Amino acid sequence: MYSLTLQPYDYPFRRPLRTHHGLWKRRQGLLIKLSDGQREGWGEIAPLPDFGSESLEAAHEFCQGFQGHLDDGDIFSIGDRYPACQFALESAREALLRYPNPPLQPNFPYCQLLPTGEAALKRLQTTPNDHWGPSPCFKWKIAVEGMQQEQDWFQQLLQDLPPHSRLRLDANGGLSQEEAQAWLGACEGQPVDYLEQPRPPEAWQDLETLHHQGVVPIALDESVANLRDLETWLQRGWSGIIVIKAAIIGSPRRLRQLCQQFQPDVVFSSVFETRIGRQAALHLAQELQRKPRALGFGVLEAIGEERQ
Ligand SMILES: O=C(O)CCC(=O)c1ccccc1C(=O)O
Ligand SMILES: [Mg+2]
């Protein structure tokens with residue numbers, strides 16, 4: 001039996017982030033503490049309803065239902081309607097079992113999220129190259145402004161990248177199939193890791209088509225936001241990249257099982273959680289990410305330092 005304490009948080013980003021889903025200004029979530037009297041473990045509920053997770057309100061109400069006490073059986077029987085709660089409570093339990101918990105730094109580098117639109121160019125132009133390390137990785141959001149404008153900026157961005165950089169483009173499902181084809185054309189021969197979620201999840205055949213063109217790998221993100229969708233894609237034999245937003249995907253235990261069974265090429269990625277959720281996600285990344293790909297946790301410069 002554990003005691004459960006809930007601590008809501010709400011902090012504004014120093015810089016709001018623009019994506020195809022809109023303007024994002026703050027992060028709200030719920031820190032949870034499990035204690036067994038001797039040891040404690042923290043977890044974080046950082047929902048992303050745009051990606052199909054439960055809302056913060058639903059998660060909060062669900063956790064309040066335990067009235068401060070729960071056991072392993074409760075943790076492992078949380079319904080799939082509460083993926084962020086599954087992640088938070090299971091990872092708090094794992095942190096408790098590891099207690100006292102040494103901070104962990106996996107050896108993978110981070111991919112730096114650039115500001116959206118033209119601001120990315122300014123960021124690169126005003127930052128000394130050596131700030132980014134020897135072989136930097138950057139992510140840039142697209143499908144926010146018009147395509148021609150973005151492709152012009154993209155050409156400039158390629159010029160401005162420090163030597164030996166890699167770039168990831170994330171459309172958040174906002175391109176038409178024709179636009180996605182045009183982006184693949186623009187990326188050909190360029191140092192682009194992948195084009196992330198060019199089409200919305202319902203256009204899954206378009207995503208397969210784009211990936212099989214073989215120009216630049218396609219990464220799924222919104223398409224695999226929960227374990228059921230992830231399993232569907234893996235059973236269908238998806239051979240492209242899979243972005244794992246650990247904080248919203250659901251049960252870490254079931255995620256481990258799927259990764260062991262299918263050995264997918266995964267990249268772990270932030271949902272702008274605090275260091276509590278990030279720590280749990282990085283533990284999973286260390287365990288489950290097979291290729292040494294930059295982790296999608298280079299987000300502090302894009303949104304500003306968390307106020308925790
Ligand atoms: O994945 C990364 O490199 C940065 C994180 C990121 O882009 C992101 C952060 C919060 C919510 C959605 C997304 C996204 O990948 O679409
Ligand atoms: Mg994405």
Side-chain angles (χ1 to χ4, degrees), residues 11-29 44-53 55-56 83-84 87 106 108-117 119-120 123 132 136-144 165-175 180 183 192-201 207 210 216-226 229-230 233 240-249 265-275 277-278 281-282 284-285 289 291-304 306:
Y11 70 90
F13 299 149
R14 187 149 47 85
R15 298 190 192 89
L17 182 76
R18 255 178 327 131
T19 79
H20 182 72
H21 297 299
L23 188 65
W24 193 354
K25 297 182 181 164
R26 58 196 320 111
R27 179 26 115 187
Q28 295 174 293
E44 178 173 350
I45 295 172
L48 206 55
D50 278 348
F51 279 51
S53 88
S55 66
L56 178 59
F87 168 78
F108 301 124
Y110 285 4
C111 180
Q112 298 298 323
L113 179 60
L114 289 169
T116 305
R123 179 63 57 82
W132 306 109
C137 178
F138 298 99
K139 178 172 184 175
W140 189 49
K141 296 286 183 185
I142 60 169
V144 179
S165 295
R166 307 283 305 170
L167 188 58
R168 299 172 177 175
L169 300 179
D170 188 358
N172 287 111
L175 300 175
W183 274 108
V192 173
D193 266 355
Y194 50 74
L195 176 58
E196 182 171 323
Q197 198 72 42
R199 301 278 293 134
L207 290 161
L210 293 166
V216 170
I218 302 296
L220 303 178
D221 184 10
E222 282 87 339
S223 286
V224 291
N226 61 59
D229 292 340
L230 174 61
W233 278 93
I241 292 154
I242 291 185
V243 174
I244 304 273
K245 296 208 181 297
I248 56 159
I249 203 159
D265 183 355
V266 295
V267 175
F268 278 74
S269 162
S270 162
V271 295
F272 306 142
E273 60 282 86
T274 73
R275 59 177 63 89
R278 181 164 66 234
L282 293 178
L284 281 169
Q289 195 169 305
K291 296 199 183 174
R293 294 187 178 280
L295 299 170
F297 282 85
V299 298
L300 291 185
E301 291 199 31
I303 60 172
E306 67 202 39

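Remember, it's a predicted structure, so these values are computed and weren't measured experimentally. When a ligand or atom number is given, it counts from 1 through the structure's own listing order. Throughout, residue positions are numbered sequentially from 1 according to the sequence presented.
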**Request:** Would you please indicate yes or no on a ring centroid separation below 6.0 angstrom for F13 and F272?
**Result:** yes

**Prompt:** Do the ring planes of Y110 and F297 sit parallel (below 30°), tilted (30 to 60°) or perpendicular (above 60°)?
**Reply:** tilted

Please list the nearest protein heavy atom to [atom] with its residue and the distance rounded to 0.1 Å.
{"atom": "atom 11 (C) of ligand 1", "answer": "W24 CZ3, 3.4 Å"}
{"atom": "atom 6 (C) of ligand 1", "answer": "K139 NZ, 3.7 Å"}
{"atom": "atom 4 (C) of ligand 1", "answer": "G296 O, 3.6 Å"}
{"atom": "atom 14 (C) of ligand 1", "answer": "K141 NZ, 3.2 Å"}
{"atom": "atom 8 (C) of ligand 1", "answer": "K245 NZ, 3.6 Å"}
{"atom": "atom 16 (O) of ligand 1", "answer": "N172 ND2, 2.7 Å"}

**Message:** Less than 4.0 Å is my threshold; does some heavy atom of Q197 fall inside it relative to ligand 1?
**Reply:** no

**Asked** Mind checking whether R168 has a heavy atom under 4.0 Å from ligand 1?
**Response** no

Which ligand 1 atoms are under 4.0 Å away from a heavy-atom of [X]?
{"X": "F272", "value": "9 (C), 10 (C)"}
{"X": "D221", "value": "14 (C), 15 (O), 16 (O)"}
{"X": "E196", "value": "15 (O)"}
{"X": "V271", "value": "10 (C)"}
{"X": "F51", "value": "12 (C), 16 (O)"}

**Prompt:** What angle sits at the Mg ion (ligand 2) between OE2 of E196 and OD2 of D221, to 10°?
**Reply:** 90°

**Prompt:** Do NZ/NE/NH1/NH2 and the carboxylate oxygens of K139 and E196 come within less than 4.0 Å?
**Reply:** yes

**Request:** Say whether, by atom type as modelled, one donor and one acceptor occur between the side chain of R18 and the main chain of V144 under 3.5 angstrom.
**Result:** no

Return the [atom1] to [atom2] distance between [X] and [Y], rounded to the nearest 0.5 Å.
{"X": "R15", "Y": "E301", "atom1": "CZ", "atom2": "CD", "answer": "7.5 Å"}
{"X": "R26", "Y": "L17", "atom1": "CZ", "atom2": "CG", "answer": "15.0 Å"}
{"X": "R293", "Y": "C137", "atom1": "CZ", "atom2": "SG", "answer": "9.5 Å"}
{"X": "I244", "Y": "I249", "atom1": "CD1", "atom2": "CD1", "answer": "4.0 Å"}
{"X": "L195", "Y": "L169", "atom1": "CG", "atom2": "CG", "answer": "6.0 Å"}

**Message:** Between D170 and the Mg ion (ligand 2), is there a contact where an N/O/S atom of the residue lies under 2.8 Å from the metal?
**Reply:** yes

**Item:** Stepwise side-chain hydrogen bond (donor to acceptor under 3.5 Å, both in side chains) check, N172 with E222
**Value:** CA-CA 7 Å; N172 287 111; E222 282 87 339; 2.7 Å; yes

**Item:** Pairwise side-chain contact, V267 with R168, heavy-atom cut-off 4.5 Å (strictly under)
**Value:** yes

**Asked** Can you tell which part of V299 has a heavy atom less than 4.0 Å from ligand 1: side chain, backbone, both or neither?
**Response** side chain

**Asked** Does S269, backbone or side chain, put an N or O under 3.5 Å from an N or O of ligand 1?
**Response** yes

**Request:** Could you say whether the N/O atoms of S270 and ligand 1 ever approach to under 3.5 Å?
**Result:** no

